[in-house]
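Have a look at the structure below before the remarks.
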Amino acid sequence: TNATELVARQLVLIHKAIGSQLKALCLPTSVFLTNKRGYPALSKTHQVLFTEVLRRIGRTVRILLEGPSLHPVENSGNTACTPYLQYIRHLRTRPEISQVLDSDEASLEEAYLDQLQRPLQPLADQLEFSTYETFEKDPVKYRQYQKATFCALRRGVATLQGKPNDHRITIMVVGAGRGPLVNAALRAIGELGIQFNFHIYAVEKNPSAVIYLKSLACNDPSWRNIVTVVHSDMRELDRKLQEAHAGIPNAGIPQADIVISELLGSFGDNELSPECLDGLRSTGIWKDSTLSIPCSYTAYLAPISSMKLHAEARAQSFFPATTTSVGLDSSPMGTQVAMETPYVVRTHAASQTHEEQPCWNFSHPSSKVDKERTCHLSFKPSPTHGAGCGSGYGPFDSAVAAIAQSVSGTYTGSVSIHGFVGTFEAILYDGDVNERILISTRPKTFSEGMFSWFPLYFPLREPLRVPGGSTVSCSIWRKTETNATGNGRVWYEWGARVTDPVGTVLGQSHIHNPNGRSYNATL
């Protein structure tokens with residue numbers, strides 16, 4: 001109907017406006033109806049639109065009332081606007097809004113909204129305890145890891161043919177941090193309810209975290225004589241274990257039955273999980289039958305419209321180029337570096353304009369040596385402008401998408417894209433159809449309640465205008481380089497192009513970050 005299409009168009013308009021830094025929503029008093037008691041109330045249509053705005057940007061948007069009071073009631077204040085304010089506060093307390101804005105997750109996220117952060121370099125830097133504490137508060141991630149470990153253990157014990165004590169199951173937690181994955185593995189073992197011979201190795205290279213792990217291994221009854229802490233880079237684990245077992249008769253290097261890691265970054269592989277896990281495999285710790293948790297992960301990419309993120313990225317040009325520089329002696333980053341660096345960010349005042357598409361996949365164990373990847377994506381025009389995808393972070397809103405689909409014909413209007421947002425989907429354990437354990441930050445399969453990863457924002461130096469009916473094409477490359485000393489680096493290069501329905505190029509960007517000139521991750 002015409003009314004349904006009108007709501008759909010308004011939802012799409014709101015979605016696009018949020019990416020254009022929507023700061024306030026003005027409600028004229030003339031749009032309010034009168035309920036049975038004579039008080040102001042919004043129509044169902046306006047309630048839907050108002051709810052969508054609050055769910056998306058309720059923590060930052062201002063709600064303004066305009067016009068004279070048209071609902072004279074008792075005790076309505078000097079300006080007679082109290083009934084309108086009371087009604088708006090009533091809408092704010094509805095479960096569909098309060099569950100989004102007042103949850104513990106929302107409180108933790110608030111300080112990070114649209115705040116750009118450089119991705120972690122866990123191989124080059126040592127994480128601080130505050131970073132570990134933030135990650136450990138995630139209730140979903142470790143629950144999923146526990147489920148995956150339980151399934152892997154059940155599968156491993158089943159292969160022992162009724163003699164679980166004749167073979168020791170060795171679990172290696174690599175990048176153990178302060179031990180949350182070890183605890184998840186111990187809970188999975190307890191949940192299995194079967195007596196079997198097992199041992200856990202907690203491998204960690206951060207000296208401060210190793211001290212914490214060793215104190216747990218000595219003082220925590222659930223760890224004592226069960227968990228061995230190894231201070232090592234996982235890529236040199238064989239040498240460290242040889243040193244640890246030196247002088248012990250018949251003590252060979254243990255091989256893992258299950259390898260558990262949480263090396264994933266916001267884009268899946270951007271924190272060098274492929275290089276780390278394949279480096280571990282080259283040490284001989286890995287058997288042909290070894291199970292990896294996660295066993296595979298896929299990077300996803302989608303265009304994003306956000307004047308806020310683009311402005312924040314440009315502002316980075318005035319920040320120090322390196323974190324080791326201090327005070328007035330530090331040189332600024334400059335525009336080129338700032339706009340060619342991918343940033344971790346909790347997208348908020350942003351609009352994902354198309355559904356995300358897969359870029360590439362890594363699986364473990366893998367016989368492939370080459371870690372470079374190339375991907376060319378084509379995002380076809382959509383009248384909904386990706387309304388169900390929201391800001392690019394959080395679950396896909398199928399209800400909003402269904403309403404927005406009512407937009408008829410090819411009506412889309414134009415939109416500006418300011419970059420691309422990268423997410424991932426990881427399969428922790430892949431059994432049969434009913435035993436596929438996932439964690440995901442892509443909207444379509446988002447793990448609700450999980451907040452360990454925010455999206456990765458790839459900025460465009462200059463925004464690209466996308467007229468209605470146009471196609472956005474993106475090319476992205478994952479590049480690697482290793483020098484003669486064995487040291488190396490990994491970086492991304494990306495670019496975009498807009499074409500009309502007949503293929504005419506309407507706009508294109510240059511290739512960002514060629515040869516890793518502005519940003520790379522150190523191996």
Side-chain angles (χ1 to χ4, degrees), residues 19 114-121 264-272 298-317 333-360 372-379 386 389 391-393 415-425 441-443 453-464 466 472-480 489-498 507-521:
D114 293 324
Q115 299 300 306
L116 303 185
Q117 308 169 65
R118 283 198 165 194
L120 294 175
Q121 295 227 21
L264 298 171
S266 296
F267 197 42
D269 55 84
N270 63 294
E271 292 185 11
L272 311 184
T298 303
Y300 285 81
L301 201 70
I304 193 166
S305 174
S306 177
M307 293 176 65
K308 172 70 172 177
L309 293 183
H310 195 262
E312 289 289 329
R314 282 202 169 275
Q316 295 290 315
S317 62
M333 189 185 301
T335 301
Q336 176 178 286
V337 175
M339 300 307 291
E340 293 188 345
T341 297
Y343 299 96
V344 175
V345 59
R346 169 45 172 107
T347 53
H348 178 64
S351 302
Q352 181 176 317
T353 60
H354 300 73
E355 287 190 17
E356 65 278 3
Q357 296 183 20
C359 294
W360 48 67
E372 292 197 342
R373 297 288 189 272
T374 299
C375 182
H376 303 289
L377 302 174
S378 180
F379 298 92
C389 300
S391 69
Y393 178 80
V415 67
S416 293
I417 60 168
H418 300 87
F420 295 86
V421 60
T423 52
F424 74 89
E425 178 182 275
T441 61
R442 59 175 292 229
W453 294 277
F454 294 147
L456 194 64
Y457 170 54
F458 295 89
L460 291 175
R461 184 161 183 169
E462 299 296 337
L464 288 176
V466 185
V472 179
S473 300
C474 173
S475 295
I476 185 167
W477 299 264
R478 187 184 198 265
K479 298 283 191 175
T480 64
R489 61 195 185 111
V490 177
W491 69 94
Y492 298 102
E493 300 175 10
W494 65 94
R497 183 176 61 186
V498 178
Q508 62 184 357
S509 74
H510 66 279
I511 302 298
H512 293 66
N513 197 34
N515 200 36
R517 68 182 180 186
S518 298
Y519 174 81
N520 58 78

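As a basis for the values below, the full set of heavy atoms in this structure was taken, side chains included, without hydrogen atoms, waters or symmetry mates.
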How about [X] and [Y]: do any of their side-chain heavy atoms sit closer than 4.5 Å?
X	Y	result
Q316	L116	yes
Q357	S378	no
H510	E462	no

Using the side chain to side chain contact (heavy atoms under 4.5 Å, CB included) rule, take V472 and I417 through it: C-alpha gap first, then chi angles, then the decisive distance, then the call.
CA-CA 9 Å; V472 179; I417 60 168; 3.7 Å; yes
Is it true that a side-chain atom of [X] and a backbone atom of [Y] form a donor plus acceptor pair closer than 3.5 Å?
X	Y	answer
S266	L456	no
S305	S416	yes
W494	P459	yes
S518	N513	no
R478	D269	yes
H354	Q352	no
R442	L301	no
S391	A350	no
E271	P119	no

Might you point out which heavy atoms bring [X] and [Y] nearest each other, and give the distance in Å?
X	Y	answer
Y519	P342	CD2-CD, 3.6 Å
E312	D114	CG-O, 3.7 Å
A338	S317	CB-N, 3.5 Å
C359	F267	SG-CZ, 4.0 Å
L264	W453	O-NE1, 2.9 Å
P455	Y393	CD-CD1, 3.5 Å

Step by step, would you call N270 with F424 a side chain to side chain contact (heavy atoms under 4.5 Å, CB included)?
CA-CA 10 Å; N270 63 294; F424 74 89; over 6 Å; no
Yes or no on side chain to side chain contact (heavy atoms under 4.5 Å, CB included) for E355 and C389, after CA distance, side-chain angles and deciding distance?
CA-CA 7 Å; E355 287 190 17; C389 300; 4.0 Å; yes
For atom CZ of R489, decide whether the heavy atoms of other residues, nucleotides or ligands shown that lie under 6.0 angstrom number more than 12.
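Result for CZ/R489: enclosed.
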How long is the straight-line distance from [atom2] of [Y] back to [atom1] of [X], given to the nearest 0.5 Å?
X	Y	atom1	atom2	answer
L377	S473	CG	OG	9.0 Å
R118	M333	CZ	CE	4.0 Å
S306	H348	OG	NE2	10.0 Å
T347	Y457	OG1	OH	11.0 Å
T353	H418	OG1	NE2	11.0 Å
I476	F420	CD1	CZ	8.5 Å

Could you walk me through whether R314 and M339 pass the side chain to side chain contact (heavy atoms under 4.5 Å, CB included) check?
CA-CA 7 Å; R314 282 202 169 275; M339 300 307 291; 3.7 Å; yes
Would you mind checking if E493 and R373 are paired as a salt bridge, meaning a charged N to carboxylate O distance below 4.0 Å?
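Salt bridge flag = no for E493 with R373.
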